[in-house]
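Worth saying up front: this structure is predicted, and the values here are computed from it rather than measured. Just the heavy atoms: all of them, side chains too, but no hydrogens, waters or symmetry mates, feed the values below.
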Amino acid sequence: MSKQSLFTSGKLRWIIIALVLFSAIGVYVWNKQQQASTGQDKGLVGFKIAGVAVGNPDKLEKTLRTGGPLGYAIHLGTFQQELRDAGFRFDGIVGFPRTAASLLGMMSGQAELATTGDSPAVLSRARGDKHRVLFVTSPHMIESSFWVVGRKGGPKRLEDLSGQRVGLLFGSTFDYAFQTAAQGLQLQEIKYSQLPGSAALPALQNNQLDAYVTSASIGKLWVDQHGLTLIGKLGDVPSSGKIVSVITAREDFLAANPKFAAAFWRGIKTGIEAIQGDPEAYYQWIADSTGYTLENARTTTGINYEDRPISEEGVEALKKLLEFRLQSQVAQSNFSVDEWVLRQ
């Protein structure tokens with residue numbers, strides 16, 4: 001064997017040894033970091049949040065995250081830090097197809113909290129589910145709230161919906177907002193269909209449905225990209241019920257962890273402060289998370305959060321919602337909204 005070959009093989013051997021040692025050191029350091037992280041987590045109380053994954057119905061891949069100041073604070077990492085400082089560990093979002101299912105998941109022990117619409121939360125409490133409200137938004141968060149989108153060549157105005165086929169999710173916040181608007185507009189003989197958004201779009205495109213009640217962001221997407229008709233915005237109807245978003249937590253979890261509610265609010269507040277400090281960055285995050293355009297995010301996303309966990313206007317909106325559900329015999333029992341919300 002030539003000297004050159006010996007030199008080359010020897011050099012190669014030392015390179016291999018160095019790589020093995022480098023890998024071993026890397027594994028050792030990683031294990032130490034994991035042990036340190038595990039040690040830091042000891043004594044922390046873990047919790048999960050049930051919610052609906054933020055997503056665009058036209059985008060196949062949905063990101064399992066929630067929206068609003070909670071979702072944004074989680075994205076920034078400030079929520080996790082605030083809760084960790086208080087002795088709690090955020091263990092992630094548990095995704096469900098609807099907010100009503102999120103509440104069922106929370107009550108079955110799959111999560112300790114749930115972020116939902118107001119109507120499912122009220123109906124859950126009226127069934128006797130033991131949870132408390134930690135966070136209530138103002139009813140003025142989103143201008144004109146929900147949209148009613150129609151098929152091409154169909155109804156042009158909300159006043160034209162008497163006798164028409166309208167799709168929505170029964171018992172949902174969409175249902176509440178539309179039912180109260182319909183009462184004020186004196187609409188008659190509406191033919192309701194229980195449909196999720198994924199089924200509603202093809203039904204509208206195939207003229208099997210005349211109108212569908214949906215969020216402003218999805219409604220704008222369908223109007224802009226699919227040429228459907230914006231029939232009206234329910235927030236523009238004086239009789240339409242004011243809607244809010246709520247975050248609830250199981251009573252047993254709160255009883256076992258009396259400091260959690262205050263820590264949770266501090267975590268959400270970091271998201272509110274970040275949103276209001278740089279709204280454009282928040283809109284961009286919404287667009288990136290959902291696949292909606294930035295213009296869609298800007299025009300359909302509210303940022304006027306109050307500097308307190310419980311909006312008193314939001315509480316009044318919850319009381320009116322409960323009253324309506326009791327009158328329509330949808331809510332199973334009455335309860336005190338003032339006792340349900342956890343004021344700090």
Side-chain angles (χ1 to χ4, degrees), residues 29-54 62-95 102 105-106 110-116 131-138 141 245-250 252-290 297 301-311 341-344:
V29 171
W30 183 84
N31 284 333
K32 284 295 183 182
Q33 289 175 339
Q34 290 298 107
Q35 291 172 8
S37 176
T38 302
Q40 291 172 359
D41 283 350
K42 286 183 178 179
L44 297 181
V45 177
F47 68 97
K48 296 179 181 178
I49 302 175
V52 177
V54 171
K62 294 185 178 181
T63 304
L64 188 56
R65 63 181 65 167
T66 188
L70 171 61
Y72 198 48
I74 292 171
H75 164 69
L76 296 174
T78 54
F79 175 80
Q80 296 91 314
Q81 188 59 55
E82 283 289 341
L83 272 294
R84 178 178 287 278
D85 291 346
F88 300 96
R89 184 187 66 250
F90 173 59
D91 289 337
I93 300 292
V94 183
S102 300
M106 176 181 71
Q110 297 179 61
E112 286 67 41
L113 286 77
T115 174
T116 69
H131 50 65
R132 300 287 301 278
V133 178
L134 300 183
F135 183 67
V136 182
T137 63
S138 162
M141 273 301 304
S245 294
V246 300
I247 299 176
T248 52
R250 292 201 324 266
D252 61 335
F253 178 75
L254 293 175
N257 302 281
K259 296 181 179 180
F260 180 81
F264 183 76
W265 164 240
R266 291 196 299 272
I268 286 189
K269 190 175 180 180
T270 65
I272 294 175
E273 291 171 346
I275 289 170
Q276 295 177 344
D278 189 353
E280 201 61 24
Y282 177 59
Y283 297 142
Q284 187 63 61
W285 175 72
I286 292 290
D288 293 342
S289 301
T290 61
T301 304
I303 62 171
N304 297 317
Y305 292 95
E306 295 185 11
D307 189 26
R308 54 182 173 175
I310 304 295
S311 164
V341 299
L342 184 58
R343 293 181 172 88
Q344 300 180 43

Report the residues that fulfil side-chain contact (heavy atoms from CB on, under 4.5 Å) with Asp91, sequence neighbours left out, ordered by chain and then residue number.
Lys48, Arg89

Answer whether the closest heavy-atom distance between the side chains of Ile247 and Leu70 falls below 4.5 Å.
yes

Looking at Thr137, is its backbone amide N or carbonyl O close enough to the side chain of Ser245 to form a donor-acceptor pair, meaning the two atoms are under 3.5 Å apart?
no

Supply the atom-to-atom distance Phe135 CZ to Phe264 CZ, rounded to the nearest 0.5 angstrom.
8.0 Å

Going by the rule salt bridge (charged side-chain N to carboxylate O under 4.0 Å, His left out), which residues pair with Arg266 if we only count those two or more places apart in sequence or in a different chain?
Glu82

For Lys269, enumerate each residue passing the salt bridge (charged side-chain N to carboxylate O under 4.0 Å, His left out) test, keeping only those at least two apart in sequence or located in another chain.
Asp307

Sequence-distant partners of Asp85, salt bridge (charged side-chain N to carboxylate O under 4.0 Å, His left out), two or more places apart:
none

Tell me, do Leu113 and Leu134 make a side-chain contact under 4.5 Å, heavy atoms counted?
yes

At what distance, to the nearest 0.5 angstrom, does OG1 of Thr290 lie from CH2 of Trp285?
9.5 Å

Looking only at heavy atoms, what is the nearest atom pair of Gly267 and Ala73, with distance?
O-CB, 3.6 Å

State the CD1-OG1 distance between Ile74 and Thr270, to the nearest 0.5 angstrom.
9.5 Å

Set of side-chain hydrogen bond (donor to acceptor under 3.5 Å, both in side chains) partners for Arg132, sequence neighbours left out:
none

Sequence neighbours excluded, the answer for side-chain hydrogen bond (donor to acceptor under 3.5 Å, both in side chains) partners of Gln80 is none

Looking at residues at least two apart in the chain, or sitting in another chain, which of them share a salt bridge (charged side-chain N to carboxylate O under 4.0 Å, His left out) with Arg308?
Glu306

All heavy atoms of Ala287 vs all of Ala297, minimum pair found to be N-CB, 4.3 Å

Heavy-atom check, side chain of Phe253 versus side chain of Val45, under 4.5 Å:
yes

Does Phe90 have any ring-ring contact (aromatic ring centres under 6.0 Å, His included) partners at least two apart in sequence or in another chain, and if so, which?
Phe47, Phe79

So, the side chain of Gln344 versus the backbone of Pro309: is there a donor-acceptor pair under 3.5 Å, distance only?
no

Can you give me the closest heavy-atom contact between Val133 and Val136, atom names plus distance?
CG1-CG2, 3.2 Å

Using the test side-chain contact (heavy atoms from CB on, under 4.5 Å), find all partners of Thr116 that sit at least two apart in sequence or belong to another chain.
Thr99, Ser102, Leu103, Ala114, Ala121, Val246

Got a list of side-chain donor-acceptor pairs under 3.5 Å for residues 272-282, not counting sequence neighbours?
residue	atom	partner	partner atom	Å
Gln276	NE2	Ile303	O	3.3
Gln276	NE2	Tyr305	O	3.2
Asp278	OD1	Ala281	N	3.3
Glu280	OE1	Arg298	NE	3.4
Glu280	OE2	Arg298	NE	2.8
Glu280	OE2	Arg298	NH2	2.5
Tyr282	OH	Gly68	N	3.4

